[in-house]
Amino acid sequence: MSTRPRTPAPGTPAPGKLPITELAGLKASGQSIVMVTAYDAPSGRLADEAGVDLILVGDSAAMTVLGHDSTVPASMDEMIVLTRAVTRGARRPLVIGDMPFGSFQVSDEEAVANAIRFVKEAGADAVKLEGAGPTLSRVHSIVGAGIPVMGHIGLTPQSATALGGFRAQGRTADHARRLVDDARALEAAGCFSLVLEAVPAPVAEEITRRLTVPTIGIGAGGATDGQVLVWHDLLGLYQGQSPRFVKRYADLATAIRDAVSAYAEDVRGHRFPEEVHTYAMAEEELDAFRAAVGLRTG
């Protein structure tokens, strides 16, 4: 009798899913890796149809979707719901659940338990953790449990206050050297990829050169192995101040606002709904209904 499992082990790609092992091949071939954030089934489906490689269900949802002023308030339960929605929409891209503040800082055991929730409850293919230092043991433990981990260094929004605010990191020689050391340590701990955020381009280029795993840049220049942008930033949906590294590819906020405004005007002007938007019924059934409620027929 076969002893093969009926369902894939953690980190095993579903049919049609981009295997994590192919990312290193993309790095070696010089083919850039495309990553975006997404937070629901429609955005996951559209990102998939657009041909992206990786989807990050980022804790940026706290700001872009949930209306907070920072990423810190995002909870595990909220991130599970959002990630589960994205995995329903995306088929080929790897879906990475962003572990929110408080979900991995306490202990290795709690970090593993929350990473398992992302895989079992939300269907994520991997998780992402911010920082190095104490995070290294968390990475090692989660990878040891069979769950792929993406690292994240440079500007780490969950600890932005400790870093002096939302500003570029690694702009001094000493700090840049520490970023290189952190990147190599995260790779050694088992990360399959690293996000480099708001890092000077020469530093990101050197980190990318030294690592065998792919780097994904956001505000880190063009020499990284891939790029990521936040869904609401690239589509012009987020109305807050965007970082300088954001390129807006559409202005959907204006289009949506104009569409809703036109709808409101049509409703108030009795131009919607029109006959084409309504349902009719057979004349004999209408007569029977009128008779049943005491209305005159014919």
Side-chain angles (χ1 to χ4, degrees), residues 7-27 29-66 74 78-100 115 117-128 147-152 191-195 197 213-218 224-238 246-253 255-256 259:
T7 57
T12 302
K17 177 76 69 173
L18 175 70
I20 282 182
T21 52
E22 284 193 15
L23 297 178
L26 294 176
K27 175 184 177 78
S29 67
Q31 181 175 335
S32 291
I33 299 166
V34 181
M35 182 163 89
V36 296
T37 68
Y39 311 102
D40 56 22
S43 58
R45 175 179 55 80
L46 291 170
D48 189 344
E49 292 174 356
V52 307
D53 303 305
L54 308 175
I55 294 177
L56 173 67
V57 187
D59 62 358
S60 50
M63 301 173 71
T64 60
V65 176
L66 303 177
E78 289 167 338
M79 293 304 300
I80 292 294
V81 169
L82 298 174
T83 305
R84 187 163 55 222
V86 171
T87 58
R88 293 190 187 109
R91 293 293 180 262
R92 177 185 174 274
L94 291 166
V95 177
I96 302 158
D98 202 0
M99 296 191 68
R117 287 193 66 193
F118 268 112
V119 173
K120 290 193 68 172
E121 298 179 36
D125 301 298
V127 296
K128 182 178 78 65
I147 300 172
V149 175
M150 173 178 277
H152 182 165
C191 286
F192 72 89
S193 178
L194 262 68
V195 170
E197 182 170 356
V213 299
T215 59
I216 308 295
I218 178 166
T224 54
D225 299 307
Q227 299 291 328
V228 59
L229 278 179
V230 171
W231 186 261
H232 290 61
D233 286 339
L234 76 92
L235 295 177
L237 288 168
Y238 186 62
V246 168
K247 180 175 180 179
R248 181 173 291 184
Y249 285 83
D251 183 15
L252 297 192
I256 292 171

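Because the structure is predicted, anything quoted here is derived from the model rather than measured.
Inter-residue side-chain proximity for Val57 and Met79 is flagged as met; some heavy-atom pair is nearer than 4.5 Å. Within the 4.5 Å cutoff, the side chain of Val230 has heavy atoms near those of the Tyr39 side chain. By the 4.5 Å heavy-atom criterion applied to side chains, Leu237 and Thr64 are not counted as neighbours. At least one side-chain heavy atom of Val195 sits less than 4.5 Å from a side-chain heavy atom of Met35. In this structure the side chain of Tyr249 reaches within 4.5 angstrom of the side chain of Leu229, judged on heavy atoms. Between Thr83 and Val95, some side-chain heavy-atom pair lies under the 4.5 Å cut-off. With a 4.5 Å cut-off on side-chain heavy atoms, Asp40 and Val65 do not count as touching.
Taken to the nearest 0.5 Å, the OG atom of Ser29 stands 10.0 Å off from the CD atom of Glu22. Separation of atoms CG (Asp233) and CE (Met63) is listed at 9.0 Å; rounding is to 0.5 Å. Taken from CD1 in Ile96 to OG1 in Thr37, the straight-line distance is 11.5 Å, to the nearest 0.5 Å. Considering CZ of Arg117 and CE of Met99, their distance stands at 10.0 Å, rounded to 0.5 Å.
The two residues Leu94 and Ile20 make their nearest non-hydrogen contact at CD1-CG1, 3.4 Å. Residues Leu82 and Ala61 approach most closely at CD1-CB, 3.5 Å, considering heavy atoms. Across every non-hydrogen atom of Pro100 and Ala74, the tightest pair is CB-O, 3.3 Å. Considering all non-hydrogen atoms of both residues, Thr87 and Arg84 come closest at OG1-O, 2.9 Å. Between Phe192 and Pro214, the closest heavy-atom pair is O-CD, 3.2 Å. Here the shortest heavy-atom pairing between Ala38 and Ile55 reads CB-CG2, 3.6 Å.
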For Leu23 and Leu18: C-alpha separation, side-chain torsions, deciding distance, then whether side-chain contact (heavy atoms from CB on, under 4.5 Å) applies. CA-CA 9 Å; Leu23 297 178; Leu18 175 70; 4.0 Å; yes

Show, in sequence, the C-alpha distance, side-chain angles and deciding distance for Val127 and Ile147, and conclude whether the side-chain contact (heavy atoms from CB on, under 4.5 Å) test is met. CA-CA 7 Å; Val127 296; Ile147 300 172; 4.3 Å; yes

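Under the side-chain contact (heavy atoms from CB on, under 4.5 Å) rule, Lys128 has a single partner from Leu194, Asp98, Val149, Ile216, which is Asp98.
Between Arg92 and Asp53, at least one side-chain N (NZ, or NE/NH1/NH2) sits under 4.0 Å from a carboxylate O, which counts as a salt bridge. Of the charged side-chain nitrogens involved, none lies within less than 4.0 Å of a carboxylate oxygen, so that Asp48 and Arg91 do not count as a salt-bridged pair.
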